[in-house]
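Only one structure is covered here, and it is reproduced in the block below.
Ligands are counted one by one from 1 in listed order, and the atoms in each one are counted from 1 as well.
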Amino acid sequence: MEVYFLGIGEKGFRARQLLQWVYQRKVTSYANMTDLSKTLRETLQQTTSLDLPEIVGQQHSADGTYKWLLKLKDGNCIETVYIPESDRGTLCVSSQVGCSLNCTFCATARQGFNRNLDVDEIIAQVWIANNALESGGIFKNSKDKGLFIHNDEDQRRPVTNVVMMGMGEPLLNFDNVVSAMRLMMDDYSFGLSRRRVTLSTAGMIPVMDKLREQCPVSLAVSLHAPDDPLRDKLVPLNRKYPIEQLLDCCRRYVGENNRQRVTFEYVMLKGINDSPEQAKSLAKILGDVPAKVNLIPFNPYPQTQFERSNAATIDRFRDILLARNIFTVTRRTRGDDIDAACGQLAGNFIDRTSRSRRMQQQTVNFS
Ligand code: SAH
């Protein structure tokens with residue numbers, strides 16, 4: 001933006017002013033940016049755009065979770081989810097319209113893939129959530145002050161954490177996702193710290209290395225199985241980037257930083273990956289990785305062949321990991337009554353990949 005302003009004969013600091021107008025004061029009309037000259041406002045009006053996706057649906061779960069359906073400029077729709085907790089407010093952000101990875105247990109995969117999101121479509125999800133929650137008065141009157149943190153400007157914001165865990169594989173849209181995450185972390189916009197931004201990947205090894213070099217945010221990896229034959233079936237990307245190489249890459253990611261850990265997501269699928277033996281194998285392969293395991297009870301959706309493991313099975317699995325000194329938590333299911341839980345985001349768009357491949361998803365044999 002500085003380059004842009006210098007290019008039109010303005011001072012570079014206009015970039016900071018503009019960021020503050022848009023991200024901190026939530027002004028999306030150039031006409032109202034009163035400390036910019038009239039001519040500059042007109043130039044901006046003519047040469048740039050401040051458009052936002054349109055909110056075409058907002059759902060509120062009994063547990064406080066919000067889900068927005070956002071319509072993009074080309075008519076495609078994506079979903080964004082806000083999960084309030086006592087000490088934070090986490091926004092689950094989408095990176096693609098659909099997903100091309102075809103993980104067998106995920107609703108987004110079932111929908112197919114259309115395209116990558118642009119930088120503005122990614123950052124707009126954070127803008128829209130903050131704005132909707134603040135202007136809706138939902139948080140202003142909240143007695144639970146824990147829902148807010150204070151940033152340097154002493155402004156209260158509902159979104160304190162961002163997880164790139166919505167629709168899509170963020171590392172297949174690297175440039176746009178990194179630009180958007182940098183913007184989220186910029187002091188002149190949302191000012192989120194690096195540890196409050198988490199990117200989740202199904203395991204794009206070469207791009208994970210690139211992320212470590214260029215934008216080392218907190219990392220989550222969708223593991224879901226303790227061995228290659230099973231992971232090949234659940235996460236087909238594993239055939240290209242198998243577990244051992246993936247774990248090596250995770251060790252590189254945290255490097256010498258002994259305070260950092262990689263979060264491993266593990267969806268609990270009844271009778272598929274939830275046995276005590278599998279818990280022991282998982283503990284074994286993670287033994288020397290700085291890891292944190294997040295067990296996700298499977299969230300069902302229509303026509304899936306999978307079922308959620310029983311609560312007792314999940315507890316037993318967790319206890320086996322804990323007994324082997326692997327830090328493990330079970331992710332509390334949030335927003336499932338409005339289909340906002342992990343793996344349930346589907347949006348509304350036209351699949352541009354082959355339909356027949358989608359259908360194969362239902363015939364994976366786990367016996
Ligand atoms: N493509 C990235 C980002 C998506 S994150 C990744 O794979 O990490 C969404 C998380 O929800 C992933 O860990 C995914 O494996 C998990 N998930 C997908 N379908 C699910 C379902 N039906 N129930 C529970 N978790 C699911």
At what distance is the nearest protein heavy atom to [atom], and which residue and atom is it?
{"atom": "atom 23 (N) of ligand 1", "value": "N299 N, 2.9 Å"}
{"atom": "atom 15 (O) of ligand 1", "value": "H224 NE2, 2.6 Å"}
{"atom": "atom 21 (C) of ligand 1", "value": "C342 O, 3.3 Å"}
{"atom": "atom 20 (C) of ligand 1", "value": "G343 CA, 3.2 Å"}
{"atom": "atom 12 (C) of ligand 1", "value": "S222 OG, 3.3 Å"}
{"atom": "atom 5 (S) of ligand 1", "value": "M165 O, 3.4 Å"}

Does this structure show an ion pair linking E85 with R334, if we count only N-O contacts that are shorter than 4.0 Å?
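Salt bridge absent between E85 and R334.
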Whether G166 lies under 4.0 Å from ligand 1, heavy atom:
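True for this residue.
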Using non-hydrogen atoms of the residue, decide whether Q344 is closer than 4.0 angstrom to ligand 1.
no
Indicate, as side chain, backbone, both or neither, the part of F105 found under 4.0 angstrom from ligand 1 when only non-hydrogen atoms are considered.
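It is both backbone and side chain that touch ligand 1.
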Checking contacts here: is it the side chain or the backbone of V235 that comes within 4.0 Å of ligand 1, counting heavy atoms only? Could be both or neither.
neither
Using the benzene-type ring in the case of Trp, are the ring centres of Y266 and F317 under 6.0 Å apart?
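Y266 vs F317: aromatic centres under 6.0 Å.
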Strictly distance-based, threshold 3.5 Å: is any side-chain N or O of D274 a donor or acceptor partner for the main-chain N or O of S309?
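Between the backbone of S309 and the side chain of D274 there is no qualifying donor-acceptor contact (under 3.5 Å).
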Ligand 1 to G168, heavy atom cutoff 4.0 Å, flagged ligand atoms 1 (N), 2 (C), 3 (C), 4 (C)
